[in-house]
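Taking it in order: structure first as structure tokens, then the write-up.
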Amino acid sequence: MDDFGIIVDNQLELTGSSFENSPVVVTEAATERQHGRKHSVSISLPPSPLAGYSPPIQKRVVFSDNNEIIFSNVGSSDSATTSTDNSTRRNKKVKFYSQTMPRHTAFPEAPAMGKLLSYSDFPSRNPKIIKQRDSRFDSYKTWSGKLERQISTLRGKNVEGQQESNSRPTAEMENIPVDRYFAALEGPELDTLRASEESILPEDKKWPFLLRYPISSFGICLGVSSQAVMWKALATSSSTKFLHISLDVNLVLWCISVVLMAVVAFTYALKIIFYFEAVRREYYHPIRINFFFAPWISLLFLALGVPQSVTKTLPTVLWYILMTPIFCLELKIYGQWMSGGQRRLSKVANPVNHLSVVGNFVGALLGASMGLKEGPIFFYAVGLAHYVVLFVTLYQRLPTNETLPKDLHPVFFLFVAAPSVASMAWATIKGSFDYGSRISYFIALFLYFSLAVRINFFRGIRFSLTWWAYTFPMTGAAIATIRYSAVVTNTLTKCLVVILCSLATLTVTALLVTTIIYAFVLRDLFPNDISIAISERRHKSSGIWHLSKFGSSDTKDIEQYLKYVDSSDEKDIEASLAHPNSSTIELITSVSTEVRQQ
């Protein structure tokens, strides 16, 4: 093989500069020639900056493969100096620290810049490697980032960046008091952040999917599983034999309900595992806690709608298993309604509270169909007592309560759900659709018609998960009508059965298709859940800022007044006037206190 020689200064002449502080030697090892590898560049660094300093003298030395000097331009003065220092160098060895440059990172611009490029100067081939992980969501994770920091420490990674991120304000792991929810959030659902508050999580960025996945997603399961019960009643009722409905429809819908329930429950279980703090905040939310009844009510509907080809009888222990969590939740919520405080019923009254009552009647219906007596009567009595109180509270709408915005008008249909299921539950307990069942059914039917005729009340609403509030009550009213037509069989009741069942089926089908489009095509079904991103303490601001924000409330009242005047509901002008509530009084007090301090 021919001798290999490289003149080091050739590269310096091309770039117009030279390395002044460190000698660069380019070699090619014999082993690399055998394996066909490319040249490696070694940079010899002096032990210290002072020891490595030398006057900028240009030297050219050419080596061969045998490390023999072929040519040298070192002058006589240099040779004299070299001979003088040879004896010193023999006694004291100089150590050099070499480091191989990374492959594909040698640029000709390095000598011109007078420095060696580092990793930060190189263009990144994989941006995910250099991009830092967003740690603002760590406080909502189950381990709060502690486990990740321990693993990083064991791996020897630098934890300074993590310590800096931990110093930022994050979600508090303490239980947020209910007063804080009312102080930081507004709206009847308490899902809108007040202008004077600041969100812990970024508002201009889409959060992780599990963090945006709400407990209200189980409303989809309520609508589809109740359809399985309705089609089972259509196929088995004596008054609907003229429709010739097959039980296969019930089997298909029940299987779809089981799959949908499994998917929704599995997804929310992942949220419990990875983002337990977010689930805990939903549980302590005064309005969102009612949706924790939804998964158990859905399971009760699945038990009621089980096809006869699957099983004809269910074990009674299943009823006790499903009613135990409902009973525990009722002890918590009903006790708070009765004991007062910030979670009293007059403060948190909302149509969503019907979910905490409907579970009693659905459980009584399932238990009575299994042959149980005392348990169904117990839950029926508890549900009836609290439904009367809730119905009166929601009907009168105290001045301290805010009116529902237009996007939440579908939840008014939850008024129909409780009396519809209550009529069927009492009919199953008594064994006949007697006067008690008919009273509940007629109440539900009147509420259904009173909401259905107000078409303008439900038009122009942006699609969201609240639309599923239509499905469960409409299906419940249709099932109660089927039970009623079996007792009072005539043309009117049969037509009513066909109309209500058709409306319920079309509504569920349309909403299911729309939900799939928004979830998988538009990807806009789950926005950022602002209601769980509040801080434990109030955001401090100047009193002048509060005064300016509070002063703008008059403009909002005028705009809302004009909105009601221009609409068709000109008689509901009183609903447009915002009454002072406890949060407004608290805001006035805080403003006056801050002004005095200034």
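Numbering starts at 1 and runs along the sequence shown. Given the structure is predicted, the values throughout are model-derived calculations rather than measurements.
Remark: Leu447 CG to Tyr395 OH distance equals 6.0 Å, nearest 0.5 Å. Atoms CD1 and CG, on Ile326 and Asn360 in that order, are 7.5 Å from each other to the nearest 0.5 Å. Atom CG in Leu345 sits 11.0 Å away from atom CD1 in Ile333 (nearest 0.5 Å). Distance OG/Ser420 to CZ/Phe472: 8.5 Å, rounded to 0.5 Å. If you take OG1 on Thr428 and CG on Leu304, they are separated by 8.5 Å, rounding to the nearest 0.5 Å. How far CE of Met338 is from CZ of Arg343: 15.5 Å, rounded to the nearest 0.5 Å.
Counting only distance, with no hydrogens or angles, the side chain of Lys271 and the backbone of Tyr213 share a donor-acceptor pair below 3.5 Å. Remark: side-chain polar atoms of Asn250 are paired, donor with acceptor, to backbone N or O of Gly305 under 3.5 angstrom. Within the 3.5 Å criterion, the main-chain N or O of Pro202 finds a donor-acceptor partner in the side chain of Trp207. With hydrogens and angles disregarded, a donor-acceptor distance shorter than 3.5 Å links the side chain of Lys232 to the backbone of Val306. Trp254 places a side-chain N or O within 3.5 Å of a backbone atom of Leu302 that can act as its donor or acceptor partner. A donor-acceptor pair is defined here as one N or O able to donate and one able to accept, closer than 3.5 Å; no such pair exists between the side chain of Asn528 and the backbone of Ile530. For Arg344 (side chain) and Gln336 (main-chain N/O), no donor-acceptor pair under 3.5 Å exists by modelled atom type. Proximity of a side-chain donor or acceptor of Tyr470 to a complementary backbone N or O of Val508 within less than 3.5 Å is not detected.
For the pairing with Gln227, the side chain to side chain donor-acceptor pair (under 3.5 Å) check across Thr509, Thr507, Thr471, Thr475 returns one residue only, Thr475.
You'll find the side chain of Met230 reaches within 4.5 Å of the side chain of Thr505, heavy atoms only. Residues Tyr441 and Arg483 have side chains not in contact (no heavy-atom distance under 4.5 Å, counting atoms from C-beta outward).
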**Request:** Please test Leu500 against Tyr448 for side-chain contact (heavy atoms from CB on, under 4.5 Å), starting from the C-alpha separation and ending with a verdict.
**Result:** CA-CA 10 Å; Leu500 294 184; Tyr448 189 102; 3.8 Å; yes

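Listed here is the closest heavy atom pair of Glu203 and Leu193: OE2-CD2, 3.7 Å. In terms of heavy-atom proximity, Pro214 sits nearest to Arg212 at CD-O, 3.1 Å. Heavy-atom minimum distance, Leu318 versus Ala303: CD2-CB, 4.4 Å. When all heavy atoms are compared, the tightest approach of Ile429 to Ala364 is CD1-CB, 4.5 Å. Closest non-hydrogen pair, Ser440 versus Tyr380, comes out as OG-OH, 4.3 Å.
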Please report, to 0.1 Å, the donor-acceptor pairs under 3.5 Å made by any side chain of residues 285-299, with sequence neighbours excluded.
| from | atom 1 | to | atom 2 | distance (Å) |
| --- | --- | --- | --- | --- |
| His285 | ND1 | Ile287 | N | 3.1 |
| His285 | ND1 | Arg288 | N | 3.1 |
| His285 | NE2 | Leu190 | O | 2.8 |
| Arg288 | NH1 | Glu282 | OE2 | 2.8 |
| Arg288 | NH1 | Asp529 | OD2 | 3.0 |
| Arg288 | NH2 | Asp529 | OD1 | 3.1 |
| Arg288 | NH2 | Ser531 | OG | 2.7 |
| Asn290 | OD1 | Asn353 | ND2 | 3.1 |
| Asn290 | ND2 | Ile287 | O | 2.9 |
| Ser298 | OG | Ala294 | O | 2.9 |

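Between His354 and Tyr387, the two ring planes are tilted [angle within 30° to 60°]. Using cut-offs of 30° and 60° on the angle between ring planes, the pair Trp337 and His386 is tilted. Between Trp467 and Phe463, the ring-plane angle classifies as perpendicular under the 30° and 60° cut-offs.
Applying the side chain to side chain contact (heavy atoms under 4.5 Å, CB included) test to Phe378 and every residue at least two apart in sequence or in another chain returns Phe327, Val382.
Of the charged side-chain nitrogens involved, none lies within less than 4.0 Å of a carboxylate oxygen, so that Glu197 and Arg194 do not count as a salt-bridged pair.
Between Tyr140 and Tyr275, the ring center distance fails the sub-6.0 Å criterion.
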